[in-house]
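Residue numbers count from 1 along this sequence. As the structure lists them, so they are numbered: ligands from 1, and atoms in each ligand from 1.
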Amino acid sequence: MTATVKEVLPPILDSTSQPPPLFDGTTRLYTNLQCPFAQRVWITRNYKGLQDKIKLVPIDLANRPPWYKEKVYPENKVPSLEHDNKIIGESLDLVKYLDTHFEGPTLLPDEPAKREFAEELFNYTDTFNKTVFSSFKGDVTKEAGVAFDYLESALEKFEGPFLLGEISLVDFAYIPFVERFQLFLQEVYKYDVTIGRPKLTTWIEELNKIDAYTETKPDPEYVVNFYKKRFLG
Ligand SMILES: N[C@@H](CCC(=O)N[C@@H](CS)C(=O)NCC(=O)O)C(=O)O
């Protein structure tokens, strides 16, 4: 994608902030700028060129506004989307919702084989994350390696650098987590997940050429410190 002017992000809302004028017809993505689940939806919104149609509402999760749980999303998590007078949650449902309900490039190919594989990959995301998280307390090379080997083989299935060959929602489902794991595994365990995984290496490089994604990347230092506190603290 061609380089565009980087979006100026709106202020982060915390417990002292007033709610936006809810259900006034504005489409809002309630998000958190460090959350990998929310990042999936943020990338999708950017890739489809919906910056003007879907307003970002960043939330401070450590100091959450009470109205978020009470008036917006009782689950009290991000991401959630306010659209057509309703609130929808769950990042994987949301990326699909954005793809089918909004304009912009289609992000799931029609071919049945690709659709089927997309579902397999969506289903594996939780296992992927759990496998890597639990490896932090064990042998990372071996245990996290299994999850990264799965991605490497997945990338061999179709022609092209992305998980379904061409870019799709599936890439956006994985990259926020892969990005964080790559940083943390390198920094703390000196484990480079790209070594011996040429497809994964290219996949990460290709995604890093896309503004819709790079504009959503969290600060690497924040990620490493957050994971250190959470998993090694
Ligand atoms: N399954 C949800 C997970 C969302 C999630 O756990 N978000 C975190 C932030 S990264 C959150 O809102 N945590 C607040 C909480 O659990 O209270 C999804 O895919 O959207």
Side-chain angles (χ1 to χ4, degrees), residues 9-10 12-15 17 19-20 22 27-48 50 54-83 86-102 107-108 118-134 136 147 151 163 168-184 213 215-233:
L9 299 175
I12 297 166
L13 305 187
D14 66 15
S15 66
S17 314
L22 302 169
T27 305
R28 297 185 175 91
L29 176 60
Y30 296 90
T31 188
N32 171 272
L33 303 178
Q34 280 81 35
C35 171
F37 298 99
Q39 192 184 354
R40 290 169 164 171
V41 191
W42 187 10
I43 305 169
T44 306
R45 165 222 189 234
N46 291 354
Y47 196 88
K48 291 181 78 70
L50 299 168
I54 303 180
K55 208 170 144 35
L56 295 178
V57 183
I59 301 282
D60 178 353
L61 288 175
N63 184 18
R64 258 170 262 195
W67 50 259
Y68 184 62
K69 181 182 162 96
E70 286 156 17
K71 297 198 168 111
V72 179
Y73 191 41
E75 298 273 333
N76 207 12
K77 291 184 181 179
V78 293
S80 75
L81 184 81
E82 176 184 345
H83 181 236
K86 57 184 187 307
I87 300 287
I88 315 157
E90 286 302 318
S91 58
L92 294 181
D93 294 337
L94 281 173
V95 294
K96 293 178 188 171
Y97 184 89
L98 252 54
D99 202 35
T100 49
H101 288 75
F102 290 86
L107 283 162
L108 269 187
E119 277 317 306
E120 182 185 322
L121 288 162
F122 283 133
N123 288 333
Y124 183 72
T125 57
D126 277 350
T127 308
F128 178 83
N129 296 338
K130 279 182 198 141
T131 304
V132 180
F133 284 134
S134 66
F136 297 158
L151 280 191
L163 284 160
S168 76
L169 297 178
V170 182
D171 302 300
F172 302 162
Y174 278 90
I175 190 62
F177 292 92
V178 169
E179 173 189 351
R180 286 163 176 76
F181 296 153
Q182 185 184 15
L183 282 167
F184 188 62
Y213 161 58
E215 291 197 6
T216 68
K217 288 174 76 165
D219 172 29
E221 216 175 288
Y222 171 88
V223 170
V224 171
N225 288 335
F226 180 83
Y227 273 32
K228 271 189 184 160
K229 257 189 234 136
R230 174 139 178 222
F231 295 104
L232 309 176

Open item on the list: Are any of the N/O atoms on R40, whether in the backbone or the side chain, positioned under 3.5 angstrom from an N/O atom of ligand 1?
Closed with: no

Open item on the list: Is there a polar contact between ligand 1 and S91, counting only N or O atoms under 3.5 Å apart?
Closed with: yes

Task: Within-shell test, Q34 vs ligand 1, heavy atom, strictly < 4.0 Å - done: no

Task: Check: F226 ring centre within less than 6.0 Å of F231 ring centre - done: no

TODO: For this output row, return yes or no: ring centroids of F172 and Y47 closer than 6.0 angstrom.
DONE: yes

Open item on the list: Can a donor-acceptor pair be found, under 3.5 Å and without considering hydrogens, that links the side chain of T125 to the backbone of L121?
Closed with: no

TODO: Say whether, by atom type as modelled, one donor and one acceptor occur between the side chain of D60 and the main chain of S15 under 3.5 angstrom.
DONE: no

What protein heavy atom sits nearest [atom], and how far away is it?
| atom | value |
| --- | --- |
| atom 16 (O) of ligand 1 | K77 CE, 3.5 Å |
| atom 15 (C) of ligand 1 | R64 NH1, 3.6 Å |
| atom 9 (C) of ligand 1 | C35 SG, 3.3 Å |
| atom 1 (N) of ligand 1 | E90 OE1, 2.8 Å |

Open item on the list: My understanding is that we take every heavy atom of each candidate and find the minimum distance to atom 7 (N) of ligand 1. Doing that for D126, L61, T125, V78, which one comes out nearest?
Closed with: V78

TODO: Evaluate the side-chain proximity of I54 to F102: yes if any heavy-atom separation is below 4.5 Å, no if none is.
DONE: yes

Task: F181, F122, F128 screened by ring-ring contact (aromatic ring centres under 6.0 Å, His included) with Y174, the one that passes - done: F128

